[in-house]
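Worksheet for the structure shown next.
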2 protein chains.
Amino acid sequence: MNRSDAGSPSSTTREALLDAAESLFAERGVESTSVRDITKAAGANLGAVNYHFRSKDLLILEVFARRLRPLNQQRLAGLDELEATQIVPSLEEILRALIRPTVEDETSGKRRTDEFMRLISRSFQESNEELKTFMSGEFDEIIKRFDAAILRAVPGLVKEELFWRMTFLFGALHHGLERWTRFESMPIPPGLDPAHLRPDIEGFIQRFITFAAAGMRAAAAL
Amino acid sequence: MNRSDAGSPSSTTREALLDAAESLFAERGVESTSVRDITKAAGANLGAVNYHFRSKDLLILEVFARRLRPLNQQRLAGLDELEATQIVPSLEEILRALIRPTVEDETSGKRRTDEFMRLISRSFQESNEELKTFMSGEFDEIIKRFDAAILRAVPGLVKEELFWRMTFLFGALHHGLERWTRFESMPIPPGLDPAHLRPDIEGFIQRFITFAAAGMRAAAAL
DNA sequence: GTCTATAACTAGATAGAC
DNA sequence: GTCTATCTAGTTATAGAC
């Protein structure tokens, strides 16, 4: 930590670009965000993105990787801890380990920003092919570990059924977070009191886990 | 049906543009699709979109409106029929009325294309603001009617809880359909047999209803 | 109603001065 | 490492011939 100027660990411009891009991607998506928008928001010059990341596509990958990797590490750490203290953790505890890091940074104890949550939700929806491939890779370990834990926690649930239920679960989570984080700007059905309708984030997680756990435990139809 | 050429009801070029745009939007989204892509796919000239729809934005609205309006009409018709024959339809029947039109055109009895289903899923994810506003408007009646029916079918469920569960439900449905329609091109977790993993569309609906109905019936946490 | 040419603008990427 | 000027190619939209 001595060298204060020369070759400082990752230039501040680089970080500024990532931050600006992240914010814009979360709000409008990667397609609707131009390199010009990013450099302007970061207070950098137009050439900066290509200098630091070689192309817009590589910047996109880096923006998502920077957030998704630690997030998934925290998910796995949470499951490790759970399995270290209990033989068979409950389904609700497992789901909480999966979801909580989306909402709170467990290394710092700090609440995630709405922007962060929107970025994560969006990472599932972006049509960028390279991004999808990267995401799937990052997700493999998560799915493997959590699937195994859930199968132990829910007797009678079979792998094929779980595959589709996990798909439903992530769709529900990300659409729910999208709605929760944008609550103010979205219309709500008539007859509901807006002030009373939106729980705090803990309430949201609780509601989600209740819904998802019940879905996971449902008796298979056929 | 006599006039065969002059001023025939909605020119074929117009329809060709809508069809081409729909197909491209379903595959890559509206942002990644240019007017050039659309006119080329439709076998029309570059000016055609602006002549028939005034702008790309209005074409986008028309593409989604053309499919969403009849879809929602079929949903309401299905619920009408259900409520005409039973005092309190079961939750599963209500959910089926909500979901089936996404998958089968009940006026013709024909299976929807994967493309159609992808377009519907995408309509929830597109960041286009005008499109979102239009969608919310189209959805109001659906939500009002189906919420009321579900509240009757699930004793003890309160409106605020239902609001979030409906959000989860649509997220799960659209993400599930996205995955189901793109099954071949997406990676699956190791240890699963691809051939055995993907149900036919009836199996998919059944799985979805099982999951969603259990979530709807879950006892509220607080 | 169809088509082409083109206007007016924006995109990502790069070369080269500092 | 930063900045600007510029290139090439793409974008939507429109004017006017047919």
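No hydrogens, no waters, no symmetry mates; every other heavy atom, side chains included, goes into these values. Throughout, protein chains are lettered first and strands after them, A, B, ... in sequence-line order, and every chain is numbered starting at 1. In this text, all values refer to a predicted model and were calculated from it rather than measured experimentally.
- Using a cut-off of 4.0 Å between Lys/Arg side-chain N and Asp/Glu carboxylate O, B:Arg182 and B:Glu178 are scored as salt-bridged.
- If you take CG of A:Asn45 and P of D:dT6, they are 16 Å apart, rounded to a whole angstrom.
- Annotation: proximity of residues 127-135 of chain B to DNA chain C (heavy atom, distance under 4.0 Å) is found for no residue.
- Applying the salt bridge (charged side-chain N to carboxylate O under 4.0 Å, His left out) rule to A:Asp37 yields the partners A:Arg28; only residues at least two apart in sequence or on another chain are considered.
- Taking CD of B:Glu81 as the reference point, atom CD of B:Glu93 lies at 10.5 Å (rounded to 0.5 Å).
- A search for ring-ring contact (aromatic ring centres under 6.0 Å, His included) contacts involving A:Phe139 returns A:Phe124, A:Phe170, not counting sequence neighbours.
- A salt bridge (charged side-chain N to carboxylate O under 4.0 Å, His left out) with A:Glu138 is found for one member of A:Arg75, A:Arg69, A:Arg66 and no other, namely A:Arg69.
- Atom pair B:Glu31:CD and C:dT10:P shows a separation of 15 Å (rounding to whole Å applied).
- None of B:Glu27, B:Glu22, B:Glu126 except one satisfies the salt bridge (charged side-chain N to carboxylate O under 4.0 Å, His left out) rule with B:Arg118; the exception is B:Glu27.
- Using modelled atom types, one side-chain atom of A:Trp180 and one backbone atom of A:Pro199 make a donor-acceptor pair closer than 3.5 Å.
- For residues 23-80 of chain B, no pair satisfies ring pair (Phe, Tyr, Trp, His ring centres under 6.0 Å), with sequence neighbours left out.
- With a cut-off of 3.5 Å on both pairing distances, the Watson-Crick and G-U wobble pairs of DNA chain C assemble into stems of 3 or more at C:1-10 with D:9-18, C:12-18 with D:1-7.
- Rounded to a whole Å, the CZ atom of B:Phe53 is 15 Å from the C1' atom of C:dT2.
- Rounded to an integer number of Å, the gap from B:Leu17 CG to C:dG1 P is 13 Å.
- Considering only heavy atoms from C-beta on, A:Leu59 comes within 4.5 Å of A:Ile38 through its side chain.
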Next item on the list: Go along nucleotides 12-18 of chain C 5' to 3' and tag each nucleotide: B for a protein heavy atom under 4.0 Å from its base, S when only backbone or sugar atoms are that close, - otherwise.
Entry: BBB----

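- Distance check: A:Leu71 CG to A:Ile142 CD1 gives 7.5 Å after rounding to the nearest 0.5 Å.
- As a whole-Å value, the separation of A:Glu15 CD from D:dT2 P is 12 Å.
- With a 4.5 Å cut-off on side-chain heavy atoms, A:Leu162 and A:Met166 count as touching.
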